[in-house]
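Since this is a predicted model, take the numbers as computed values, not measurements. Quick note: residue numbers are just sequence positions, from 1.
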Amino acid sequence: MKITKLRFYRTGEIVRDLGVVYFFNILQEMERYFDKKYDVTLTDNFLEFTCDDYLEVCQYIINVKVFENFMKGVKSELEKKKISEEFFQNTTIDNFEEMIDSLDKLNISEKEKLKNSFKSKYIPYIRNSPKYGANSQSEENFHRNFNELVRLVFELNGKELKEQTQILDKYKSNGDICCICHSVYTTEFDITHKSEQKKREVSKYNYMFMGAENSTFNNYGNSQSSVCFVCEFFNLMFLLYFSLTQPRTICYVDSLKNIDFFNLKINNLMKLYNDQGFYKKLSQYNAKSIHLYSIKSDPNKGLILKMEQVLKYDEYIKQIELYHIINQLFISSDTSVNISELKRLIISRNYKSLKDVIISVVLYFERKEGRRTLNVSRTVSNIRLLLQVLKIEYGEEGKNLAKDYKTFFEAGIKLGSKIQNEAKNTLGFKLIQLLKVDNREGIIKLLYHYFIVNNIPIPVYFSKGILDVEDSTELTYNVGVFLEGLFINQKEEERK
């Protein structure tokens, strides 16, 4: 059978589409493994690749991905033995038994147990499947069934319904269309390694959420609904993806490219929020909303996805930017606030409390010779981070926050050049306390006192930027800019 080009479309169904995306990643791995080009392309709406031998797909998935999943269990079992990481990196499906025999930390019984388990490598989460699990009675039967499934996936691709009937002749197309992809016929009989035909049942062994065989549970609300062999294959890809990556959260968006990108990142949030190149990469994507799911295993229903949250795309970027800022914040060791607490406020979208907490820790103190001393460099850095948070909180209007930046920054510089460092620290502390309770009159009285005592003219519009601003965000921004100017000279002196 000569295959030139295959194309699989996005359906809007989370399991199948994630399976398509993971298969895309598998094909990329195959290019390196076989040193062969498959011309793999993933767009918003379809996956496309070329392959002239479906058995290459079967071979790679069974010998590499299923074995990789098996080795996860082995690694967990040997964890207490403190086996070196090098052992796992060098162990393949071809040398597994030899590598196990080389482990001096295992006794004969332990080695035999592992070598016996090596004979039972199946698709995860469907161990009782009569096709791809232990109920197939042997790995050989599992491989035979899986090879047949992949063959059908390849042959059915791009075929009109009339042509599909001929391809599915052995399994008797019943005239119903798949309830997942709505483009491929379902069948009366199922794939089996046995000589007699087996009736195809609606169950989790064909697709997630379908429940056990002969069960009345069916998430699609129609007892006659059925799944085609193509969607069954992508369901297996999803199960491999989940088992090998163990994501705590699954993202679904309206594009295969976006699904690949977001799920790749969501598995490692800390890397995501600290990756300087992330924003440039993110600008290529334009998803309107992001659906977040948690996932758990159920003995009857298989893996269950639960919708946790629908994030607007802009909201998601906002959270990412805030995470990035929080990771740069300096927090004094003698405060009760920690980074994890701030991140929880971001996740819950409690941005007002986030702002209030950052204000309370913006001054960075450290112990020197038994005294509590202000670290000006870290304080100025915290002030600038606070200003960024305020701009993000304001959204598009954040651009207007800086309209009085020059007035407040220069006022801070002028006063900072007139007073001693200890007086600056005291003033900064008092301003923060007044800011916490939104005491605008107190702020004006305090600053006017310092201006008059040090013979500094009251800046034009200064009082307006304190007393007449509409909300506390703009007030905080203006006071923050003033503090930045106040401490900037002291920071330069510290460097000297």
Side-chain angles (χ1 to χ4, degrees), residues 318 322 325 329 335 337 342 345 349-365 374 376 379-491:
K318 182 177 182 178
L322 289 172
I325 290 169
L329 197 65
T335 67
V337 177
L342 295 175
L345 292 174
R349 289 180 276 182
N350 190 347
Y351 302 132
K352 183 182 184 305
S353 294
L354 176 70
K355 178 192 71 176
D356 293 342
V357 173
I358 294 176
I359 290 170
S360 70
V361 300
V362 75
L363 301 180
Y364 184 89
F365 292 95
L374 186 75
V376 178
T379 295
V380 171
S381 175
N382 283 351
I383 290 170
R384 289 170 176 167
L385 292 172
L386 171 63
L387 299 180
Q388 289 182 47
V389 169
L390 297 174
K391 283 188 173 183
I392 292 170
E393 182 189 355
Y394 241 51
E396 281 298 314
E397 296 177 15
K399 297 172 184 176
N400 297 323
L401 276 179
K403 64 181 183 296
D404 295 323
Y405 182 94
K406 186 177 180 181
T407 298
F408 283 89
F409 186 69
E410 289 183 352
I413 289 178
K414 287 177 181 177
L415 183 58
S417 66
K418 295 274 189 177
I419 62 178
Q420 298 296 314
N421 290 346
E422 195 65 37
K424 291 181 193 177
N425 298 349
T426 302
L427 174 58
F429 180 78
K430 288 181 179 179
L431 281 175
I432 292 297
Q433 300 312 308
L434 292 168
L435 197 56
K436 284 181 185 178
V437 293
D438 199 7
N439 186 345
R440 304 183 184 202
E441 288 187 5
I443 292 172
I444 280 293
K445 286 179 181 178
L446 178 64
L447 291 176
Y448 274 24
H449 168 76
Y450 272 87
F451 288 147
I452 293 168
V453 168
N454 291 282
N455 295 315
I456 298 173
I458 306 297
V460 179
Y461 302 121
F462 190 86
S463 61
K464 186 177 180 182
I466 300 293
L467 296 173
D468 296 342
V469 290
E470 292 184 5
D471 57 36
S472 62
T473 300
E474 193 170 350
L475 170 67
T476 303
Y477 188 87
N478 290 338
V479 173
V481 170
F482 173 82
L483 288 172
E484 182 186 7
L486 180 72
F487 288 117
I488 200 77
N489 288 335
Q490 191 173 336
K491 181 181 177 183

For residues [X] and [Y], determine if any side-chain heavy atom of one lies less than 4.5 Å from a side-chain heavy atom of the other.
X	Y	value
L427	L447	yes
F408	L483	no
L415	L486	yes
N382	V361	no
L385	I358	no
V453	K418	no

Minimum-distance pair of heavy atoms, taken over all atoms of [X] and [Y]:
X	Y	answer
V376	F487	CG1-O, 3.5 Å
S360	V357	OG-O, 2.5 Å
F462	A411	CE1-CB, 3.9 Å

Do [X] side-chain atoms and [Y] backbone N/O form a donor-acceptor pair below 3.5 Å?
X	Y	result
T379	L363	no
D471	E474	yes
N478	G465	yes
N454	I456	no

Set of residues satisfying side-chain contact (heavy atoms from CB on, under 4.5 Å) with respect to Y405, sequence neighbours excluded: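 side-chain contact (heavy atoms from CB on, under 4.5 Å) list for Y405, sorted by chain: A402, F409, Y477, V481, E484.
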Aromatic ring pairing F482/F451, orientation class (parallel under 30°, perpendicular over 60°, tilted between):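 Correct class here is perpendicular.
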Partner of S472 by side-chain hydrogen bond (donor to acceptor under 3.5 Å, both in side chains), out of K436, K355, K352: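 With S472 as partner, K436, K355, K352 yield a single side-chain hydrogen bond (donor to acceptor under 3.5 Å, both in side chains), made by K355.
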Greater than 12 external heavy atoms within 6.0 Å of Y448's OH: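 Yes - once you tally the heavy atoms of other residues, nucleotides and ligands closer than 6.0 Å, there are more than 12.
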